[in-house]
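Structure first, commentary second.
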2 protein chains.
Amino acid sequence: MYKKIPKNTIHRLPLYLSVLEQLAEESQNQEEFFHSVDLEKLLNIKNSVIRKDLSYFGEFGVKGKGYNIVSLKTALKEILDINVIKKTVIIGCGNIGTAIIKYPYFTKINLEIVAGFDVDPKIIKQKINQTPVYHIDRLVDFLNKEKIQFVILAVPVHASKFILQDLITKTDIHGIINFTPISLKVPKHIKVINSYISAKILEMYFYLKNTNA
Amino acid sequence: MYKKIPKNTIHRLPLYLSVLEQLAEESQNQEEFFHSVDLEKLLNIKNSVIRKDLSYFGEFGVKGKGYNIVSLKTALKEILDINVIKKTVIIGCGNIGTAIIKYPYFTKINLEIVAGFDVDPKIIKQKINQTPVYHIDRLVDFLNKEKIQFVILAVPVHASKFILQDLITKTDIHGIINFTPISLKVPKHIKVINSYISAKILEMYFYLKNTNA
DNA sequence: TAGATTGTTAATCGATTAACAATC
DNA sequence: TAGATTGTTAATCGATTAACAATC
């Protein structure tokens, strides 16, 4: 439990890990070092920011030498709690939900999608990859029984309201990754991470409008 | 062209719009007003932040009364440049790419996905919804001919490198929305917006680890 | 030892906030 | 007019940065 980690630092940690995974794959040599200026070039993040970010969690480098790729990777995995297997469910198995279930990179971060939920009888009782899909009526019981900590919400807008109510009042989840294009009102013990696509597109619109001119 | 808009302000603008769309749908009355404290409750963003964000772009409220829902919505659409139809393509029509093509909310933001690109002969020449899928060999020509300003990249990691090189050296795009789980190194006239799912999940891991303890 | 890069400091820069004058 | 809420200010808070002592 760390205190006072800047939000932006947390956003950057997965980026660091992503680059380290790449570097570790590319290099055969387990003893290979790299340094913060290398990482700056790869990520366009200032080397001093990188070193400061890491310093919140400990000292991972060797002065005059840099960081060992493998051991920093290991440290970051520990910080991000990747070594513990996590279970989650997808609520809403439409296009987005199904794509997430099939997403091939979750094994890398030890995430298991143990079930999907939907209302469409054509989808229910089928399996998407290895993942069973149940009727959404069974959602609350499932989450409680399996002690799921966070869910991925990928339902249409009109369905989100009553599902959210159930999640808040009848389960003990602590996090929602939200792919719906609306903002969710939740009590403050629940962390919502918005990942809706339109917002990213709109950010791009704004950027394009205000740099070409 | 505005200058010096804080990054976080730009992140929040789509959220404001999203809530305004909801409010506009729920209320029949075109003349309905609401105020920044209402919005604070819906979004957990302080009312003073909301007012300051809006103030970068003009004065949209009426003192003592609040904001007219419809006219603020209109103003935000103007700021985010939603009224002009945009065209883009999806590079990589696997699970994620296909889900994005089928995403139903893009009409709301005037986005048209005019083509998909892939290497898989099983996918090429089919249509996903109304969208044709071409071989990736045709990508560069297509982008140049259609004057596409930004692309959505949803290819597997191993494919991203050489595609990125083509995009940088042979086209005139100004933006990439990146769904691959790696960071893209681009010249600074190209804006990359990362939307990769694992990063969101890892953020959630970190949060769960450090609040339950 | 000389060279290099870390971890950390202190200064700068930017964003948030509470408060309130302006005004509908 | 009295009440309400905006738009804006100035103070506070937090994040970035350059610089450098520490040290491998």
Side-chain angles (χ1 to χ4, degrees), chain A residues 2-16 19-20 23 31-76 79 188 203 206-207 210, chain B residues 2-16 19-20 23 31-76 79 188 203 206-207 210:
Chain A
Y2 320 98
K3 56 176 163 57
K4 295 279 294 151
I5 310 289
K7 250 186 138 182
N8 291 348
T9 295
I10 298 166
H11 289 308
R12 285 187 294 259
L13 293 178
L15 298 177
Y16 300 154
V19 169
L20 285 165
L23 291 175
E31 291 309 309
E32 203 165 320
F33 275 67
F34 77 113
H35 46 270
S36 53
V37 176
D38 299 332
L39 203 48
E40 169 170 350
K41 282 181 195 140
L42 290 168
L43 283 171
N44 277 319
I45 297 173
K46 285 248 159 68
N47 65 76
S48 51
V49 171
I50 294 164
R51 292 201 304 281
K52 187 151 229 318
D53 282 346
L54 296 174
S55 77
Y56 290 110
F57 304 98
E59 304 194 0
F60 305 107
V62 182
K63 283 174 184 173
K65 210 169 171 204
Y67 302 88
N68 176 279
I69 293 177
V70 173
S71 64
L72 184 56
K73 195 184 78 172
T74 305
L76 276 170
I79 292 165
K188 58 180 171 308
E203 228 183 283
F206 185 88
Y207 175 82
N210 296 295
Chain B
Y2 319 100
K3 58 177 162 57
K4 293 281 294 154
I5 310 289
K7 249 186 139 182
N8 291 346
T9 295
I10 298 166
H11 288 307
R12 285 188 293 260
L13 293 177
L15 298 177
Y16 301 154
V19 169
L20 285 165
L23 290 174
E31 291 309 309
E32 204 165 321
F33 275 67
F34 77 112
H35 46 269
S36 53
V37 176
D38 299 332
L39 203 48
E40 169 169 352
K41 283 181 194 140
L42 290 167
L43 284 172
N44 276 320
I45 297 172
K46 285 250 161 65
N47 64 77
S48 51
V49 171
I50 293 164
R51 291 201 304 281
K52 188 149 225 322
D53 282 347
L54 295 176
S55 77
Y56 290 109
F57 304 99
E59 305 194 0
F60 305 107
V62 182
K63 282 175 184 173
K65 210 168 169 206
Y67 301 88
N68 175 279
I69 293 177
V70 172
S71 64
L72 184 55
K73 195 184 78 172
T74 305
L76 276 170
I79 292 165
K188 58 180 170 310
E203 229 184 282
F206 185 88
Y207 175 83
N210 296 296

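Throughout, a chain's letter reflects where its sequence line sits, starting with A, and its residues are numbered from 1.
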Can you name the nearest heavy-atom pair linking A/F206 to B/I79, along with the distance? CD1-O, 3.7 Å
Report the distance from atom CG of B/L72 to atom P of D/dT6, rounded to the nearest whole Å. 10 Å
Rounded off to whole Å, could you give me the CG-to-C1' distance for the B/N8 and C/dA15 pair? 7 Å
Starting from P on C/dC13, measure out to CD1 on B/I5 and report it in whole angstrom. 20 Å
Taking B/T74 for its side chain and B/V70 for its backbone only, find out whether a donor-acceptor pair lies under 3.5 Å. yes
Steps toward side chain to side chain contact (heavy atoms under 4.5 Å, CB included) verdict (A/Y16, A/L43): CA-CA 8 Å; A/Y16 300 154; A/L43 283 171; 3.6 Å; yes
Could you tell me whether B/K7 contacts a base, only the sugar-phosphate backbone, or nothing, with contacts defined as non-hydrogen atoms closer than 4.0 Å? sugar-phosphate
Could you tell me how far apart B/K52 (NZ) and C/dC20 (P) are, to the nearest whole angstrom? 18 Å
When you check the phosphate oxygens OP1 and OP2 of C/dT6, does a side-chain N or O of A/S55 lie under 4.0 Å from one of them? no
In whole angstrom, give the distance that lies between atom CZ of A/F34 and atom C1' of C/dT6. 12 Å
May I have the distance from B/Y67 (atom OH) to C/dC24 (atom P), rounded to whole angstrom? 14 Å
Is a side-chain N or O of B/N210 found less than 3.5 angstrom from the main chain of B/Y207, in a donor-acceptor match? no
Report yes if a side-chain nitrogen or oxygen of A/N47 is closer than 4.0 Å to either non-bridging phosphate oxygen (OP1 or OP2) of C/dT5; otherwise report no. no
Who pairs with D/dT12 - Watson-Crick or G-U, where each distance is under 3.5 Å: C/dA15
Any A/R12 side-chain nitrogen or oxygen under 4.0 Å from OP1 or OP2 of D/dT16: yes
Both A/V62 and A/P6 contact DNA chain D. Taking the nearest nucleotide for each, which residue is further toward the 5' end? A/P6
Residue-phosphate contact under 4.0 Å: B/K4 side-chain N/O, C/dG14 OP1/OP2: yes
Nearest whole angstrom, please: distance from the P of C/dT6 to the NE2 of A/H35. 7 Å
Position toward the 5' end of DNA chain D (nearest nucleotide), A/D53 or B/F60: B/F60
Compare every heavy atom of A/E203 with every heavy atom of B/H11, then report the nearest pair and how far apart it is. ND1-OE1, 3.1 Å
Calculate the interatomic distance between A/N44 atom CG and D/dT17 atom P; express it in whole Å. 12 Å
Which part of the nucleic acid does A/S36 contact within heavy-atom distance under 4.0 Å: base, sugar-phosphate only, or nothing? sugar-phosphate
Is any side-chain nitrogen or oxygen of A/Y56 closer than 4.0 Å to OP1 or OP2 of D/dG14? no
Can a side chain N or O of B/R51 be found less than 4.0 Å away from OP1 or OP2 on D/dT6? yes
Across all strands, who's sitting opposite C/dT23 as a Watson-Crick or G-U wobble pair, both distances under 3.5 Å? D/dA4
Establish, with yes or no, whether the OP1 or OP2 oxygen of D/dA19 is under 4.0 angstrom from a side-chain nitrogen or oxygen of A/S48. no
Can a side-chain donor-acceptor contact be found between A/R12 and A/N8 if the only test is distance below 3.5 angstrom? no
